[in-house]
Amino acid sequence: MKLSARNQLKGRITNILKGATTSHITIDVNGTVITSAITNEAVADLGLEIGKEAYAVIKASSVMVGVD
């Protein structure tokens with residue numbers, strides 16, 4: 001798989017929470033948890049399962065920074 005996105009984080013799926021049309025996929029990347037919302041159709045097409053390795057691919061036009 002080759003993508004133009006540079007932020008590709010390899011991890012393992014730890015949870016799949018399916019809703020009516022959208023699933024929330026949780027990926028553990030070396031102890032950091034990343035959650036993505038994707039369609040249920042995408043979950044099926046990708047064959048996503050808990051315990052399977054997957055990539056969190058982050059592509060954004062801006063990054064917000066906040067402080068306390």
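Looking at residues two or more places apart in sequence or on another chain, you find a side chain to side chain contact (heavy atoms under 4.5 Å, CB included) between Thr22 and Ala37.
None of Asn30, Ile34, Val57 except one satisfies the side-chain contact (heavy atoms from CB on, under 4.5 Å) rule with Leu9; the exception is Ile34.
Side-chain heavy atoms closer than 4.5 Å link hydrophobic residues (I, L, V, M, F, W, Y) into clusters, and following such links, possibly through other members, connects Val43 to Ile27. Note: the hydrophobic cluster containing Leu46 also contains Ile58 (ILVMFWY, side chain heavy atoms under 4.5 Å, direct or indirect links).
Contact annotation: the side chain of Ile25 approaches that of Ile38 to within less than 4.5 Å [non-hydrogen atoms, C-beta and beyond]. Residues Gln8 and Leu3 meet the side-chain proximity criterion, which asks for heavy atoms closer than 4.5 Å. Side-chain contact check for Ile13 versus Thr26: every heavy-atom pair is 4.5 Å or farther apart. Looking at Val29 and Lys10, their side chains never come closer than 4.5 Å, going by heavy atoms from C-beta outward.
Contact detail for Thr35 and His24: the closest heavy-atom pair is CG2-CB, 4.2 Å. Of all heavy-atom pairs between Gly51 and Arg12, the closest is O-NH1, 2.5 Å.
Between the side chain of Lys52 and the backbone N or O of Gly47 there is at least one donor-acceptor pair closer than 3.5 Å. Panel note: side chain Asn40, backbone Gly19; a donor-acceptor pair is recorded below 3.5 Å.
Counted within 6.0 Å of CG on Asp45, heavy atoms from surrounding residues, nucleotides or ligands total more than 12; the atom is thus considered enclosed. With a 6.0 Å radius and a threshold of 12 heavy atoms from other residues, nucleotides or ligands, Glu41 has its CD atom at or below the threshold.
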